[in-house]
Amino acid sequence: MDRVDVVDNIEVSYGDYVTTEGPNSTESVFYFYQDEQLTFLYILFSLIVLGNTLVVIVICATKSRKSRMHIFILNLAIADLSAGLINVLTDIVWKNTIDWYAGNVGCKVVRYGQGVVTYASTYALVALSLDRLNAIARPLSFSGDRLRIRILIGLAWSLALVFSIPMLIINRLMLVNGKWQCWIEFPQQWVWRLYMTSICIVLFFIPAIVIAVCYIIIVVIIWRKTSLSAASEKPSQYVKTGGQLYVAANNSRFRDGSASSRGVIPRAKMKTIKMTLVIVLVFIVCWSPYFIFDLLSVYGYVPNTQDSAALSTFIQSLAPLNSAANPIIYASFNTKMCVDLFRCKVNSRYNSSPVNTTNYTSYSSKAPRRHLCD
């Protein structure tokens, strides 16, 4: 998303490039703080690829029936991994070469791919939030779950493919300050404002509003169910069977069954809600500076100076942090799952040894049932 303004002999591009022209000298400065930005991008790329690859491996290695949550997290990890490979890696190469060497067709294809994975990552969160709402609002509805999952995921990627089509049109190879660049240029300022505003609405504000509405409804449902559960409890409950009286308050099975019948949210489901809520909050924190700064810039509230251009390039580099943070959040909420996977791999190697087969068999027979080893 690049634009070029000329103010007081300083030509500033709100993409990744800045060129200064003074009255006595001409200096082309591409990429403010190039070394620092490259170092940051290398670290970011490593975190995105490593983290999301591990998430994909952990979920795919789960031999038991994958839950709806697993499928949506897998879809989000694939989208984030694609964002790292297409967006961040392209940015690294471009910052090293300065010139664009992929030609006009490559410019359009790469920019389109960047748009697709960015939209897909955002709408994967929307699909995840909608699924969590459905899981809370209709906890006993299992019919059509797989079809609903396919529809939500397919709709997320379809919208990403459609909304990225303008990238094929507006991006083109241009000679900018003596260097070939994959560039966007609009003739008038109002076109830039319309373009940036529409991007912010479709990519950030609408998804954020949909997600916020989903979680507001979820909170209301949980609050109501918790209130009904507390109101229905009595100091002591008795069940008469076969002439014997059992204190229901001391019977864990009765408590669990009655709680389930009253619709209290299970602990596992609450855990997934908390995890998705954290993922959504991180999404808002990572993307807010990018869109706020770009909107302020395009509407003229940020001075066109080299410092503001340097700040712009830094803020744009922060946007992919969301793709690096998601696998960390997933691992923090599923530590036992990741540890169990590692133990399964170690135990499988130990079991494959003919010398230790007996010992492993006796050990595994006493060990508790593992979620990932079934």
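Here the structure is a predicted model, which is why all the values come from computation and not from measurement.
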Least distance between heavy atoms, [X] atom then [Y] atom:
{"X": "I48", "Y": "P320", "value": "CD1-O, 3.6 Å"}
{"X": "N104", "Y": "L173", "value": "OD1-N, 2.8 Å"}
{"X": "W94", "Y": "C182", "value": "CH2-O, 3.3 Å"}
{"X": "A156", "Y": "A124", "value": "CB-N, 4.3 Å"}
{"X": "L152", "Y": "A127", "value": "CD1-O, 3.9 Å"}
{"X": "C286", "Y": "N322", "value": "SG-N, 3.7 Å"}

Less than 4.5 Å apart, side chain to side chain, heavy atoms only: is that true for [X] and [Y]?
{"X": "F186", "Y": "L194", "answer": "no"}
{"X": "L281", "Y": "Y215", "answer": "no"}
{"X": "I218", "Y": "I222", "answer": "yes"}
{"X": "D91", "Y": "K95", "answer": "yes"}
{"X": "T276", "Y": "S129", "answer": "no"}
{"X": "N134", "Y": "R68", "answer": "yes"}
{"X": "V116", "Y": "M167", "answer": "no"}
{"X": "L155", "Y": "Y123", "answer": "no"}

side-chain contact (heavy atoms from CB on, under 4.5 Å) involving V213 - partner list, sequence neighbours excluded: I209, I217
Quick one: side-chain contact (heavy atoms from CB on, under 4.5 Å) partners of V285, sequence neighbours excluded? none
Verdict with reasoning, V298 to Q189, per side chain to side chain contact (heavy atoms under 4.5 Å, CB included): CA-CA 8 Å; V298 80; Q189 184 68 15; 4.0 Å; yes
Is the side chain of [X] donor-acceptor paired with the backbone N or O of [Y] at a distance under 3.5 Å, no angle test?
{"X": "K108", "Y": "N171", "value": "yes"}
{"X": "Q114", "Y": "V88", "value": "no"}
{"X": "N96", "Y": "I92", "value": "yes"}
{"X": "D99", "Y": "W180", "value": "yes"}
{"X": "S198", "Y": "Y195", "value": "yes"}

Distance from [X] atom [atom1] to [Y] atom [atom2], nearest 0.5 Å?
{"X": "C214", "Y": "L277", "atom1": "SG", "atom2": "CG", "value": "12.0 Å"}
{"X": "L47", "Y": "S323", "atom1": "CG", "atom2": "OG", "value": "11.5 Å"}
{"X": "R193", "Y": "L295", "atom1": "CZ", "atom2": "CG", "value": "11.0 Å"}

What orientation do F283 and F204 show, parallel under 30°, tilted 30 to 60°, or perpendicular over 60°? tilted
Can you label the angle between the F163 ring and the Y119 ring as parallel, tilted or perpendicular, going by 30° and 60°? tilted
Hey, any chance [X] and [Y] share a hydrophobic cluster, counting ILVMFWY side chains that come within less than 4.5 Å of each other, even indirectly?
{"X": "I165", "Y": "L159", "answer": "yes"}
{"X": "I73", "Y": "V126", "answer": "yes"}
{"X": "I86", "Y": "L76", "answer": "no"}
{"X": "L85", "Y": "V117", "answer": "no"}
{"X": "I43", "Y": "F40", "answer": "no"}

Go through T118 and W287 one step at a time and tell me if the side chain to side chain contact (heavy atoms under 4.5 Å, CB included) criterion holds. CA-CA 11 Å; T118 302; W287 279 102; 3.8 Å; yes
T197: side chain to side chain donor-acceptor pair (under 3.5 Å) partners, not counting sequence neighbours: Y299
Non-neighbouring partners of Y112 that pass side chain to side chain donor-acceptor pair (under 3.5 Å), sequence neighbours left out: none
What pairs of residues pass the side chain to side chain donor-acceptor pair (under 3.5 Å) test when at least one of them lies in residues 45-55, not counting sequence neighbours? none
Can you list every pair that meets side chain to side chain donor-acceptor pair (under 3.5 Å) and has a residue in residues 149-166, with sequence neighbours left out? N75-W157
So I71 and R146, side chain to side chain contact (heavy atoms under 4.5 Å, CB included) or not? Walk me through it. CA-CA 10 Å; I71 297 175; R146 294 292 172 177; 2.7 Å; yes
